[in-house]
Amino acid sequence: MNASNPKPECLHAHISGLSYDKVLAIQKTAVSKLKNTPESPFYLFTVEHNPVFTLGRNADKSNLLFPEAHIKAQNAEIIQTDRGGDVTFHGPGQIVAYPILNLKILKLPLKKYIGLLEKTMIDTLVTCGISAISRPGLTGVWVGNEKIGSIGVHVSKWISYHGLALNINTGLQWFQMINPCGLNNIRMTSVEKLRGNHADFSGACSRLISAFSMNFKVTIRETSLDRISRPEYPKWLKTRLPKIGSSLYVSGLLKKLNLHSVCQSAKCPNIFECFGKKTAAFMILGNACTRQCSFCSVDHTLYQSGMNGKLDENEPQRVAQAIKKMKLAHSVITSVTRDDLPDKGAGQFCLTVREIRNLCPDTVIEILTPDFCGIRELVEKAISSNPHIFNHNLETVPRLYNKVRPQASYRRSLEVLDMAKKSKPEIITKSGLMAGVGETREEIIRVLKDLRAVKCDAVTIGQYLKPDRNCMDVARFVDPREFQEYKKIADELGFRYAACGPFVRSSYRAEEIKLARQTGTQS
């Protein structure tokens, strides 16, 4: 709300083609924004669902008049929801509207809120030439003894979601499979049935939005679904972009030498800062991964389309050339996972480190490797050229591996770190974790203890941020104070280096780790 426009702003988006669960997830993202950011605008989603029967919190399943298997055989979903009310149907030809509003700001008690939803449907029907009413003691909108509009809402800490459903061209046969809203012998109707001819769904939807704007005294502004579904970041996750001159130099150099960086392929939030400081984490073995972790945006479809077994033999030399041109004091070499290669890419790590040593003898070399399928000989091969730091990320806690790293194993990754340390006791071992994917504080601490049990020297813990829409959602944004606590615990457990914070990544500011020279590791 601002001085020139006293009405609260309400962003509207029309949704089609998404499952009920995905639409509900979008609603909950908007709810979270209103809870966490008081100045956030309100939201209104209008939806035309695929056939779905939804059951409210206290719904009686006996109001489904056919066996669930029969209903599902009609290509309809049955979903338990957290709204009020009993069972209802949503489907093609029905306007479903989900207002996400702060009822406290609007000064609307629940009963008045439901009344305004009913009035919005009644006003919309008037524009369709139909006179409808609300009935005392029953929610929804009626034409005579037939129901044409339903309401089912949920309010949490004054924030509303779920909403209303108005039948325009809806197939009424669907309602014969249920006792609508838990009422026996109720008949449903639609604008099309009452008028005897086809009703304009799109026009009715526009008129409903106008009626909603008038009744709730909000200003409607159209927006994209992408903007709404994007989570609202807390203030500690907002930062200024640095000057882009050096960033353009680094990205141009990588392109010229036909190299990949994990900064670009994984859409790292620190890319402009790191490129601006002429630093980068080089990603060898191509840019197509043989695994599909739910947190990572690195492409796996390119591999599926025919990159099996291919290897760029000149890549190690080009990486070394780039490091020399950038005058790096600390280089990070990582890779995609290449389970298709006989040595899983371990040989390419070894060759790359040797090329860097030959061309840049003063550069500290850190390798961030995949798990090499847990094969000891391959771990030893990767470190046979003596990198200063061996890094392998656990990424998350054991309980979440099936969700986050379904083709990996927590125990195997821990063993890889153990293998590296036992093979070369002088090497610095390092690992990284993401916070905010559904783990608990106690689980993070348990992982830190497991890492120290295999004599891991350094650890990084940072906030998971969803890199694109195909990746898993952020479960929560971790408060910086919690990261400070993890740092303190890591120090107490004996880690020689621990970086913990919202923007920390496994290779972020890696040049700050001075362990290689502090411990006298030979270059």
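In this chain, numbering begins with 1 at the start of the sequence shown.
Contact check on Arg411 versus Glu415 returns no salt bridge, with no Lys/Arg side-chain nitrogen under 4.0 Å from an Asp/Glu carboxylate oxygen. Taking the charged nitrogens against the carboxylate oxygens, Lys466 and Asp473 do have a contact shorter than 4.0 Å, which makes a salt bridge. A salt bridge links Arg476 with Glu439: the closest approach of a Lys/Arg side-chain nitrogen to an acidic carboxylate oxygen falls below 4.0 angstrom. In summary, Asp457 and Lys421 engage in a salt bridge, as defined by a charged side-chain N under 4.0 Å from a carboxylate O. Salt-bridge check for Glu9 with Arg221: passed, with a basic side-chain N closer than 4.0 Å to an acidic carboxylate O. The existence of a salt bridge linking Asp312 and Arg318 is confirmed by a sub-4.0 Å separation between a basic side-chain nitrogen and an acidic carboxylate oxygen.
If you check the side chains of Asp450 and Tyr410, you find a donor sitting under 3.5 Å from an acceptor. For the residue pair Glu366 / His330, a side-chain donor-acceptor distance below 3.5 Å is found, with atom types taken as modelled. The closest side-chain donor-acceptor pair between Thr396 and Arg405, if any, does not fall under 3.5 angstrom. Remark: the Lys424 side chain and the Ser384 side chain contain no N/O donor-acceptor pair separated by less than 3.5 Å. Between the side chains of Thr46 and His12, at least one donor-acceptor pair of N or O atoms lies under 3.5 Å.
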Working for side chain to side chain contact (heavy atoms under 4.5 Å, CB included), residues Val96 and Glu48: CA-CA 6 Å; Val96 180; Glu48 187 175 12; over 6 Å; no
Decide salt bridge (charged side-chain N to carboxylate O under 4.0 Å, His left out) for Lys344 and Asp371; before the verdict, give the C-alpha distance in whole Å, the side-chain angles of both, and the deciding distance to 0.1 Å. CA-CA 9 Å; Lys344 318 304 177 190; Asp371 63 19; over 6 Å; no
Can you check side-chain hydrogen bond (donor to acceptor under 3.5 Å, both in side chains) on Thr54 and Arg83, steps first, answer last? CA-CA 9 Å; Thr54 66; Arg83 62 164 173 80; 2.8 Å; yes
Does Asp82 form a side-chain hydrogen bond (donor to acceptor under 3.5 Å, both in side chains) with His162? I'd like the steps, not just the answer. CA-CA 9 Å; Asp82 56 354; His162 294 292; 2.6 Å; yes
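Taken from SG in Cys10 to CD1 in Ile220, the straight-line distance is 4.0 Å, to the nearest 0.5 Å. Atom NE2 of His49 is separated from atom CD1 of Ile15 by 8.0 Å, given to the nearest 0.5 angstrom. Once rounded to the nearest 0.5 Å, the distance linking OH of Tyr161 with CG of Leu34 reads 13.0 Å. To the nearest 0.5 Å, the span separating CZ on Phe390 from OG on Ser423 amounts to 9.5 Å. The structure places CD of Gln463 at 13.0 Å from SG of Cys500, a figure rounded to the nearest 0.5 Å. Here the CD1 atom belonging to Ile389 is positioned 10.5 Å from the CD1 atom belonging to Ile367, to the nearest 0.5 angstrom.
With a 4.5 Å cut-off on side-chain heavy atoms, Leu417 and Leu451 count as touching. Side-chain contact check for Phe42 versus Ile159: every heavy-atom pair is 4.5 Å or farther apart.
Heavy-atom contacts from other residues, nucleotides or ligands closer than 6.0 Å to CG of Asn358 number more than 12. Shown here is Glu313, whose CD atom has no more than 12 heavy atoms of other residues, nucleotides or ligands within 6.0 Å.
When atom types are taken as modelled, the side chain of Thr363 and the backbone of Ala329 share no donor-acceptor pair closer than 3.5 angstrom. Put simply, the side chain of Asp339 never gets that close to the backbone of Thr290: no donor and acceptor are under 3.5 Å apart.
What you find for Gln348 and Pro316 is that their closest heavy atoms are NE2-CD, 3.7 Å. Of all the heavy atoms in Glu443 and Arg399, the pair that sits closest is OE2-NE, 2.6 Å. Taking all atoms of both residues into account, the shortest heavy-atom contact from Ala498 to Ala490 is CB-CB, 3.6 Å. The two residues Gly432 and Asn391 make their nearest non-hydrogen contact at N-OD1, 4.5 Å. Closest heavy-atom contact between Leu400 and Gly438: CD1-C, 3.6 Å.
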